[in-house]
Amino acid sequence: MPSDQERILARAAREVVAGQIVNLGIGLPTRLFHYLPEDMEVLIHSENGVLGCQPLASGREADLEMIDSGGAYIGTRPGASVFDSALSFAMIRRSRVDITFMGAFEVDQAGNLANWKIPGKFSPGIGGAMELAQKVDTLVVLCSHNDKHGNPKILRHCRLPLTAPRCVSRIITEKAVMQVTAAGLEVIDIAEGLEVAALRAATEAELIIDESRLGRF
Amino acid sequence: MPSDQERILARAAREVVAGQIVNLGIGLPTRLFHYLPEDMEVLIHSENGVLGCQPLASGREADLEMIDSGGAYIGTRPGASVFDSALSFAMIRRSRVDITFMGAFEVDQAGNLANWKIPGKFSPGIGGAMELAQKVDTLVVLCSHNDKHGNPKILRHCRLPLTAPRCVSRIITEKAVMQVTAAGLEVIDIAEGLEVAALRAATEAELIIDESRLGRF
Amino acid sequence: MTLLNHKHSTIEAAIASIPHGAVIMVGGFGSPGTPFALLDELLAQGQTGLTLIKNDANEPDIGIGRLIRAGRVDRLLTSHIGLNRIAIEEMNQGRLAVEMYPQGLLAEKIRCAGAGHYGFLTDIGLDTEIAAGRREIECDGRTWAIEPAIRADIALVHADLADAYGNLVYRGTAINFNPLMAMAADRTIAQAFEIRYPGSLIPEAIHTPCAFVSQVVQVDPVTSEQGRRAHAI
Amino acid sequence: MTLLNHKHSTIEAAIASIPHGAVIMVGGFGSPGTPFALLDELLAQGQTGLTLIKNDANEPDIGIGRLIRAGRVDRLLTSHIGLNRIAIEEMNQGRLAVEMYPQGLLAEKIRCAGAGHYGFLTDIGLDTEIAAGRREIECDGRTWAIEPAIRADIALVHADLADAYGNLVYRGTAINFNPLMAMAADRTIAQAFEIRYPGSLIPEAIHTPCAFVSQVVQVDPVTSEQGRRAHAI
């Protein structure tokens with residue numbers, strides 16, 4: 001039985017198409033690159049200035065000048081390039097990154113995302129999240145369905161300061177895969193063994209569910 | 001007996017200090033680098049993207065991808081770098097080029113310069129001249145004292161569209177070396193054998209001349 | 001999105017994707033960095049009504065000079081066309097609309113599009129003729145001109161080396177506008193003297209990361225314009 | 001003007017030129033590219049009342065973390081300080097004024113100063129909290145925020161290689177803000193693991209041309225912070 005995080009990451013890996021340029025946010029998303037097939041031709045972008053990250057081979061000595069945006073030592077694959085921070089964000093603002101995966105404190109049914117600040121509690125700075133959220137065509141949120149107190153994170157309307165409005169394409173939690181559509185939040189896949197009623201109960205957002213088309217993961 | 005141009009270039013070479021970054025405008029100024037001591041530690045900037053030009057050694061095959069802004073094939077000296085056009089002009093706008101030499105159609109006693117356009121006759125575009133004129137601390141004009149019809153080029157007020165206002169530090173012609181000062185155009189050096197009266201007659205601008213301090217060249 | 005493994009292209013296919021009336025950036029300062037082979041193919045294919053953005057107009061018989069001479073170019077955004085008497089003549093006759101920019105501003109306007117911004121605020125040219133027609137704004141007690149970014153549908157660039165993913169390395173003064181334009185167009189077609197396997201280029205030495213390149217075309221130095229000129233010297 | 005042949009400096013002399021109250025850019029994203037040796041010398045010399053501009057606050061016991069901890073820093077312009085609990089504490093206690101910028105805007109504001117412009121116009125963050133306090137302007141029917149450039153008195157940067165003229169080559173993800181900052185400060189002091197003779201670096205591979213570098217200081221990889229950490233792994 002996979003853990004919740006493993007379930008999220010395994011499902012998220014299926015969002016990546018060979019040939020894409022992929023950005024992985026700090027935290028859970030960074031671990032996604034261990035879930036992609038080793039021979040898959042994708043280039044992982046890290047906003048600190050590298051295109052073509054790969055996990056550091058085990059037993060290999062770390063190159064101290066090669067880290068990802070989360071601070072982990074990384075390797076690079078053939079075809080990698082390194083560059084300055086202005087060029088790195090030009091790549092983001094010009095939408096040359098095809099897909100980005102990010103964590104969330106809150107996400108809502110309109111695709112609004114809040115993942116950088118909890119006023120009075122947590123405000124370390126937004127880092128690169130705002131430009132990624134605003135400019136990358138496909139933003140996939142990877143997060144737990146509820147916070148550690150059991151409160152829903154998938155909301156009708158975000159309450160925290162936004163990272164960017166209407167930026168989320170898809171949300172993957174341990175309970176469901178949800179697509180942001182013009183009509184609202186449509187459930188694509190539901191976790192193995194989970195009832196639709198239980199999913200609705202754990203969610204504040206209105207969910208559009210067509211049980212005849214629902215996948216399992 | 002040197003030609004007028006040789007006289008201008010030989011005198012101009014004395015303006016360059018070892019250790020400087022020097023830009024040479026299209027035309028007469030480009031030839032200045034043949035007049036600098038070979039072992040002089042200066043870096044010639046050319047705005048098409050090179051710092052550290054030197055004349056192509058005679059008999060040496062030209063590298064087709066190494067030209068200066070005038071289109072001549074060049075070599076580079078140890079310590080040279082090449083870069084894109086945005087960086088090249090950043091260097092100019094940040095005043096990292098210490099001195100630039102330019103031609104002129106007209107220059108006036110306030111240091112205004114016109115060297116890019118003769119309305120109705122000549123308007124090929126300003127190229128890199130405007131930013132060089134506006135941002136390089138020391139701009140030395142190298143030009144003939146009069147045009148081919150004998151009309152003065154050193155004026156009270158420029159009549160042609162300006163390259164930049166109040167940008168010229170010094171003017172070197174075959175007849176004189178003139179410094180732009182708050183008080184006006186001060187003659188530093190006068191050509192060998194030329195009378196002060198003859199210089200004044202060939203010049204429209206008011207000239208400040210202290211004969212006791214006048215150099216010859 | 002252009003998939004990594006679909007970038008290596010024939011020159012015919014790469015240029016065939018350019019429609020009539022396209023807005024095209026062309027790398028190069030004089031000859032170095034000018035994508036001569038791509039331009040000759042564009043001439044051969046016959047696209048017309050083009051807007052070109054290039055530092056200069058080349059000379060009449062090479063590069064964009066040929067396209068201008070053949071009447072394919074309606075509009076040229078440039079910095080200096082002094083080496084092309086035909087382009088000056090076409091401009092003076094009103095057959096070629098020419099917009100002139102100071103060279104550094106042209107570079108920066110292109111760079112600004114490549115960085116994904118609307119424009120920038122500068123003091124260049126404030127008290128000169130080029131100030132006419134520019135919008136100005138007061139900030140911190142001083143006047144600044146607004147310079148909007150310049151983008152394009154297509155960029156045609158010349159690199160020395162590429163890899164199959166489209167990473168590019170330029171050489172000498174052939175760098176010039178190429179890396180700026182590669183970032184500022186919706187699609188970038190690069191010609192290179194050599195296309196290597198991914199992993200053959202030093203990551204730190206790559207001037208244009210492959211994310212900005214749509215297609216790469218190998219051109220032969222000997223049959224290219226540069227090559228012909230090399231043999232003529 | 002800094003003469004070409006007077007750039008090689010001792011670390012003591014280079015840092016002694018920094019006055020109290022200086023506005024200092026510091027390269028680095030996390031540890032890579034952070035000029036640890038220069039920062040440790042700054043700590044040792046005791047300059048105070050500093051304004052620092054750096055992507056992050058390092059960790060509490062290294063780099064600018066040490067300067068913050070020692071109370072030398074009045075103000076920090078940054079993008080993210082999540083790895084430095086002391087910096088967050090100092091900020092929350094009101095002892096350290098912190099201005100936070102989205103990372104790409106911080107990079108671009110620094111780059112804009114390095115390019116010699118006043119600022120740029122962007123759509124980043126228009127509908128978010130960071131829009132508060134920014135001046136906005138309408139251009140071509142849309143709203144844009146004015147982002148003024150950020151400059152500094154001094155930039156402290158870390159390079160892998162330098163030459164005696166001050167040309168710099170960076171390595172890996174240690175590039176980050178370094179080349180941008182080297183252009184945006186009035187004076188730039190670079191540390192490098194190796195300083196070579198002019199002519200030893202490939203002209204196309206130089207990231208920061210020497211025109212932007214005032215002083216170069218050789219640091220020993222083994223005794224530098226990076227080196228110490230390398231041995232600890």
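In what follows, every heavy atom counts, from backbone to side chain, and hydrogens, waters and symmetry copies are set aside. A note on names: the letters A, B, ... follow the listed sequences, proteins ahead of strands, and every chain is numbered from 1. It should be emphasised that the depicted structure is a prediction, and the values quoted were computed from it without experimental measurement.
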Checklist entry - Picking from C:Gly114, C:Ala184, C:Ala113, which has the most non-hydrogen pairs under 4.5 angstrom with chain A? => result C:Gly114
Next on the checklist: Is it the case that over 12 heavy atoms from other parts of the model lie below 6.0 angstrom from the CZ atom of A:Arg60?
Outcome noted: no
Item to check | side-chain contact (heavy atoms from CB on, under 4.5 Å) assessment of C:Phe212 paired with A:Leu87 | outcome: CA-CA 11 Å; C:Phe212 293 108; A:Leu87 196 148; 3.9 Å; yes
Next on the checklist: Taking CD1 in C:Ile202 as the centre, count heavy atoms belonging to other residues, nucleotides or ligands within less than 6.0 Å. Is the count above 12?
Outcome noted: no
Item to check | Considering all heavy atoms, the nearest A:Ser81-C:Ile206 contact | outcome: CB-CD1, 3.7 Å
Item to check | Closest non-hydrogen atom pair, A:Leu51 against C:Pro209 | outcome: CD2-CB, 4.4 Å
Next on the checklist: To the nearest 0.5 Å, what is the distance between CZ on A:Phe83 and NE2 on C:His207?
Outcome noted: 14.5 Å
Checklist entry - Counting only heavy atoms not in A:His34, do more than 12 sit closer than 6.0 Å to its NE2 atom? => result yes
Next on the checklist: For A:Glu192, I'd like to know if atom CD has over 12 heavy atoms of other residues, nucleotides or ligands within 6.0 Å.
Outcome noted: yes
Checklist entry - Are more than 12 heavy atoms from other residues, nucleotides or ligands located less than 6.0 Å from atom CD of C:Glu138? => result yes
Next on the checklist: Around atom CZ of C:Arg134, are there more than 12 heavy atoms from other residues, nucleotides or ligands closer than 6.0 Å?
Outcome noted: yes
Checklist entry - For the residue pair C:Tyr165 and A:Pro78, what are the closest heavy atoms and their distance? => result CE1-O, 3.6 Å
Checklist entry - Could you state the interatomic distance from CZ (A:Arg96) to CE (C:Met183), rounded to the nearest 0.5 Å? => result 9.0 Å
Item to check | Toward chain A, the part of C:Arg151 with a non-hydrogen atom under 4.5 Å | outcome: neither
Checklist entry - A:Arg94 and C:Asp186: which non-hydrogen atoms are nearest, and at how many Å? => result NH2-N, 4.1 Å
